[in-house]
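The figures that follow rest on heavy atoms only: side chains count, while hydrogens, waters and symmetry mates do not. Convention: sequence-line order gives letters A, B, ...; per-chain numbering from 1.
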Amino acid sequence: MSEALLEVQGLTVKYDVGREGFWGQHQTRLTAVDDVSFSIARGETFGLVGESGSGKTTTGRAILGKVPIASGRVIFAGRDITEVEGRERRAIRRNMQLIPQNPYGSLNPRMKVREIISEPLVVHRRFKNAKGATERVVELLELTGMNPDDMHKYPHAFSGGQRQRIVIARALALNPDLIIADEPVSALDVSIQAQVVNLLQDLQQRLRLTYIFIAHDLAVVRHISHRIGIMYAGKLVEVAKGESVYRSPIHPYTEALLSSVPIPDPRIERGRAVQVIAGEPPDLIHPPMGCRFHTRCPLAEPRCREAAPPMEAKAPGHEAACWVR
Amino acid sequence: MGRYLLKRLSQAVLVVISVMVVVFVVTRLIGDPVAVMLPLEATEENRALLEAQLGLDRPILTQLADYVADAVRFDLGDSLWQRRPAMDVVLERLPPTLLLVAAGFAFGVLLGVVIGVVSGMRPGGWVDRAAVTFVLLGVSLPQFWIGLVFIVFFSVGLGWFPTSGSGGIEYLVLPGVVLGLPVVGRIALVTRSSMIDELNTQHVKDATARGVSRARIVMVHAMKGAGIATITIAGWELIGVLAGGAVVVETVYAWPGIGFTAMQAIERHDIILVQAVVFVVAIMVVTINIIVDIAYTMLDPRVKFDRVS
Amino acid sequence: MKPASAGSRSERRRSGGWLMRIVRDPTALFGVLVLALLVAAALFAPIIAPLDPNKQDLAARLLPPFYAEGGSAEHLLGTDQLGRDVLSRIVHGARISLTIPLVSVTLAGVFGTAVGLLAGYRGGKTDAFIMRIVDTLFSFPGLLLALTILAVVGPSFWTLAIVLSLRIWMVFARMTRGLVLSAREAEYVEAAELVGASPVRIMLRHIAPNLTAPLLTLAVLESAHVILSEAALSFLGLGIQPPQMSWGLDVAIGRQYVFSAPWLIIFPGLAIAVAVLGINLLAGWLRVAADPQESAKRFAAAADAPSAWSG
Amino acid sequence: MIRSDHLLEIRNLEVVFPTRDGTVQAVRGVSLTVDAGDSLGIVGESGSGKSTLARAALGLIELPGRIAGGEILWKGRSLLDKRVARRIRGREISMVSQDPMASMSPILTIGTQMTEVMTRHLDIGSREAFTRAGDLLEKVGIPDPGRRLGQYPFEFSGGMQQRVVIATALSCDPMMLIADEPTTALDVTTQAQILELISSLQKDLGLALVLITHDLGVVAGACDLLKVLYAGEIVESGTADQLFHRPRHPYTAALLGSTPRLDVKADRLVAIEGHPPDLRQVSIGCSFTPRCPHATTRCASASPVLQPSEAGRAYACWNPLNGREGPGPSHGEGRA
């Protein structure tokens with residue numbers, strides 16, 4: 001494996017969510033991401049999976065410098081970018097792009113496609129204006145499977161899948177190294193999802209891109225990722241190669257999560273005993289002591305209540321945070 | 001909740017104080033109260049005497065401090081026109097204003113809500129179109145003019161109501177209606193649009209799917225939601241009626257309330273009395289704001305939940 | 001999901017002339033015509049008005065309008081107690097009644113928008129501080145305070161315009177702030193930040209275009225309020241002073257003759273009402289036209305005609 | 001009264017929505033039947049007309065939409081008759097919709113909203129309705145129902161709130177439950193809980209279930225019968241086994257191919273190129289033609305009708321797949 005393009009060390013993000021007490025004397029804080037560490041090699045796709053409130057999106061935003069980091073480090077291409085601000089941060093943005101979830105909201109409805117796709121180029125002074133960037137815009141539209149004539153249209157002329165292609169074209173404009181895709185296909189129909197997933201895979205091969213693929217859909221993540229991290233209640237609980245997560249999950253939460261996903265095959269579904277885990281993810285303002293999952297875990301032991309298990313290698317290239325396994 | 005109320009109260013006090021400071025600054029610094037109060041032929045000696053009498057010869061900050069300290073004790077000085085404490089005059093004229101405001105506001109809110117609900121139930125229908133037209137007229141006609149036209153038509157022409165003054169209920173009808181007319185319009189527009197929004201929500205559609213009757217959906221589901229939106233506007237309207245409409249309408253109908261008194265005081269250059277009216281109205285305005293806030297909390301469980309916890 | 005061909009048609013529709021859309025909507029058309037008439041009256045008052053509005057003719061005092069007995073074609077809407085032509089006074093009165101809202105709304109709009117931009121863009125403590133002031137001003141007893149100030153400072157065109165703008169600038173500040181905040185939340189704004197666009201570019205290219213339509217609508221709506229306030233203050237004797245002309249002032253003068261010469265109040269008052277109604281209608285139309293959701297609602301209402309239950 | 005031996009029978013239903021840019025033909029000639037105890041899955045992507053179909057079955061097509069043709073019969077009575085529909089919805093047919101948080105008024109308590117349905121449809125007072133509501137909450141797995149009835153929807157989590165919605169839907173002992181994407185807004189572990197709840201309630205109460213979804217995985221476990229909807233039409237119907245293992249319509253096969261599976265590692269998903277058609281301009285031929293790998297000239301010129309074939313299945317296609325066993329060409333590699 002080549003050198004790490006991105007390293008996240010002990011990342012912790014807290015949000016102020018209000019005040020407590022009669023006089024409002026206590027600041028209430030929610031720990032959205034708690035001591036998360038992982039690293040991603042160049043050219044790799046790292047899938048970050050979790051349910052809502054697991055902290056997967058916040059992790060992505062913290063890497064992009066969009067939310068304040070309470071503690072921990074983000075190292076990108078060998079450089080610590082945790083506290084970089086202003087102009088320098090903007091320079092880093094050239095190499096790190098986001099594909100957001102909602103293709104309907106992330107395109108300015110008042111701008112034509114050419115202006116949208118050329119915006120990063122104009123902002124970073126590659127071209128004077130959108131018109132000057134036409135050639136590059138055509139190239140990008142073709143790269144993402146769109147018609148070059150589309151650049152004269154407004155976003156509302158396009159379907160969700162096409163909009164997401166425009167979003168991808170914009171993200172690729174500056175030849176970034178890392179792309180953080182935050183639920184890039186979950187707003188799309190199944191048949192369109194497959195188009196976009198295939199496009200992302202093709203682009204990765206052609207442009208040697210590195211992806212962080214954030215999603216709740218385990219099947220999509222499995223399909224696209226080389227390695228996968230599973231998050232629960234702000235903690236990373238398991239990281240391994242995609243195949244080993246699915247074949248031999250270690251953390252009981254991973255196991256339950258995998259078991260919850262319905263398989264589109266009635267013969268399998270009928271015969272399968274779904275291991276339904278009761279209860280719901282914990283309150284992140286007052287998280288449980290010890291392992292966050294112990295309140296729902298079928299294997300919980302007394303020590304799980306007392307101390308949080310550390311992330312440790314359980315097999316070659318397979319880490320998990322669990323006392324029992 | 002306790003913290004919240006305390007915060008609101010302190011804000012209210014702050015508002016009253018800032019109103020008084022603004023009035024003070026305007027009257028003492030920008031304007032020349034002595035010049036306004038004195039007759040044209042007054043001499044320099046008259047002027048000095050009045051200045052001393054009003055304490056205007058002292059440093060400005062001392063004046064401000066004294067003024068605020070007095071205001072806290074509800075002492076705003078003697079009315080130049082009536083030659084007795086200005087506060088007494090205002091408190092004496094307050095009940096007729098409260099009566100008029102209550103009547104006009106109640107008329108405005110009741111009719112406004114009814115029109116808003118009925119027209120919001122079927123937007124685009126002929127009832128709605130008629131209602132919206134009426135409502136737009138209501139907010140477009142100048143109040144003082146409507147007041148005069150009503151006098152010409154109902155009092156002089158038809159002889160149904162007295163032209164002006166106060167007395168029995170018949171004196172209340174015209175000024176009450178005129179005062180409430182713009183309120184009808186604005187309340188109706190807000191109620192209508194929130195009714196339309198409420199009736200288009202997913203939960204109303206799903207309640208229909210559960211078989212909840214149309215009547216209950218309108219009366220319970222939509223009206224409660226729309227009511228929460230209307231309450232805020234009603235508060236603004238009440239403040240508008242009290243601090244604006246009442247002055248105009250009382251003047252048109254020679255209704256012996258604080259609005260009419262304020263106009264008389266202005267004509268007689270009685271700045272002290274005008275200040276007293278402003279002070280009392282400011283206190284009522286902040287009280288209304290607090291009441292609206294509390295009503296809002298009681299009606300909307302989401303807000304209650306937020307504030308209590 | 002909207003198929004590709006969906007856009008092209010509505011795109012054409014969008015660019016399809018505003019003028020045509022106004023003409024098709026009778027209420028908006030009425031509003032625009034009224035406003036055009038008023039502007040014409042204000043600009044060309046000396047040409048349009050049949051007579052000199054200040055010319056006194058004591059021989060022709062309190063003449064009734066043309067339709068009443070004793071009325072004449074010379075003074076279509078009658079004359080006042082000094083024999084001045086009511087119609088000419090109304091035509092000339094349009095000048096003040098339109099310049100006051102123009103000046104006040106411009107002052108209030110520019111100042112309020114600037115304050116709102118500052119609050120919305122800076123956020124945090126700046127925002128909290130500004131909004132605290134704005135909230136406090138909203139709780140001021142509006143008209144009464146205006147009266148007090150005018151009584152002390154002395155009424156004139158400029159004091160009136162400034163006092164009226166002091167009463168409404170907060171509305172612009174609050175709306176601008178709200179618009180900026182919600183535009184900042186827009187995902188495309190975050191997307192622009194993430195490609196490295198500077199704050200200035202984000203403000204100008206991505207946020208500002210969202211402000212123009214709603215603020216313009218608000219300005220139109222507020223000018224209706226200002227016209228009414230100016231008229232009320234002039235009526236109470238603390239607004240426009242003679243020999244300047246204002247509809248509200250004319251009603252105040254006519255008030256003494258309300259029983260004998262009601263036309264002295266009827267026509268100037270009608271002028272105010274028609275102006276305000278026209279502006280309100282235009283504002284209502286602008287609000288709907290600028291908001292696609294509102295237009296969709298309207299369409300749904302219009303398509304209401306056939307019953308859903310043909311079976 | 002029109003004769004129908006089925007619980008629910010829909011015949012040639014046409015639903016249209018006029019919009020500014022033309023009339024959308026949301027449902028085009030759909031026919032289907034549901035019998036007591038059936039579990040029918042309706043699968044389709046957005047814009048396929050599946051939600052419109054569900055709302056039509058409750059007599060809830062809203063203006064400006066309207067039913068342009070066809071019949072909807074509930075035990076032989078027409079649901080196009082407003083009075084009939086009003087008596088039946090919530091009482092005999094219940095519905096669970098997608099977003100549990102939006103499904104109930106945020107400013108009325110759960111208790112109020114559960115009991116208002118019962119006091120309207122059943123001949124019981126509010127005290128009895130409250131007791132019943134408490135029992136129902138317990139039945140759907142909500143502890144401490146007494147306290148919960150006094151709470152507002154925002155005090156519940158999404159999964160809990162969907163349980164409340166289900167409890168409310170079952171409160172008048174309906175014969176049929178229509179669930180429109182009941183788990184789409186929920187997390188996968190919660191989805192598993194809710195699907196299990198719906199399935200077990202269906203079996204215990206002998207309900208007819210109509211489950212509408214875009215997710216093939218969701219219907220695979222919960223439904224015996226399936227209908228695939230594309231552009232407002234049923235393109236294929238049959239048992240779950242038939243459709244999943246021997247799809248005959250190319251759209252069904254393509255949908256299976258583009259769904260990534262957790263249990264199989266495929267190198268590449270089989271995407272369906274293009275996008276669904278504009279329902280304002282309906283083609284004369286098969287509406288899948290532009291995206292279909294097997295399309296011929298005939299497909300573009302004439303619309304295939306839904307043909308019954310072997311053992312209760314039907315498909316609308318001129319060039320059907322041979323229907324051989326196997327989970328589609330993309331999933332050649334073995335399962336994990």
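Considering only residues two or more places apart in sequence or on other chains, B:Arg8 meets the salt bridge (Lys or Arg N to Asp or Glu O under 4.0 Å) condition with B:Asp293. With sequence neighbours left out, B:Asn289 forms a side-chain hydrogen bond (donor to acceptor under 3.5 Å, both in side chains) with C:Ser139.
Scanning both residues, B:Met263 and C:Leu236, for their nearest heavy atoms gives CE-O, 3.5 Å. Closest non-hydrogen pair, B:Leu148 versus C:Arg255, comes out as CD2-CG, 3.8 Å. Pairing each heavy atom of C:Pro141 with each of B:Val281, the nearest pair is CB-CG1, 3.6 Å. In this structure, C:Leu143 and B:Ala243 approach most closely via the heavy-atom pair CB-O, 3.6 Å.
Contacts of B:Val278 with chain C are made by both backbone and side-chain atoms, with heavy-atom separations under 4.5 Å. Contact of B:Leu137 with chain C is made through backbone and side chain together, with heavy-atom distances under 4.5 Å. B:Ile266 touches chain C through its side chain: at least one heavy atom from C-beta onward sits under 4.5 Å away, while N, CA, C and O do not. Of the two parts of B:Val285, only the side chain, counted from C-beta on, holds a non-hydrogen atom closer than 4.5 Å to a non-hydrogen atom of chain C. In this structure, the portions of B:Val19 lying under 4.5 Å from any heavy atom of chain C include both its backbone and its side chain. Contact annotation for B:Glu267: neither backbone nor side-chain heavy atoms come within less than 4.5 Å of a heavy atom of chain C.
B:Val26 is not listed as a side-chain neighbour of C:Thr148, based on a closest heavy-atom distance of 4.5 Å or more. Residues B:Trp145 and C:Leu270 form a side-chain contact, since some pair of their non-hydrogen atoms from C-beta on lies under 4.5 Å apart. Taking 4.5 Å as the limit, every side-chain heavy atom of B:Ile239 sits out of range of all side-chain heavy atoms of C:Phe138.
For the set C:Leu145, C:Leu281, C:Ile266, the entry with the most heavy-atom pairs within less than 4.5 Å of chain B is C:Ile266. Between chain C and the residues B:Leu189, B:Val252, B:Val16, B:Thr133, the most heavy-atom pairs under 4.5 angstrom are made by B:Val252. Looking only at heavy-atom pairs under 4.5 Å with chain B, the residue among C:Val251, C:Ile272, C:Ile265 that has the most is C:Ile265.
Applying the salt bridge (Lys or Arg N to Asp or Glu O under 4.0 Å) definition to pairs two or more places apart or across chains, those involving residues 145-174 of chain C are C:Asp135-C:Arg174.
Considering C:Thr136, C:Ile133, C:Leu137 in turn, C:Thr136 is the only one that fulfils the side chain to side chain contact (heavy atoms under 4.5 Å, CB included) rule with B:Ser18.
Annotation: residues 224-233 of chain C contacts chain B through C:Leu228, C:Ala231, C:Ala232 [non-hydrogen atoms, separation under 4.5 Å].
Separation of atoms CG (C:Leu144) and CD1 (B:Ile258) is listed at 7.5 Å; rounding is to 0.5 Å.
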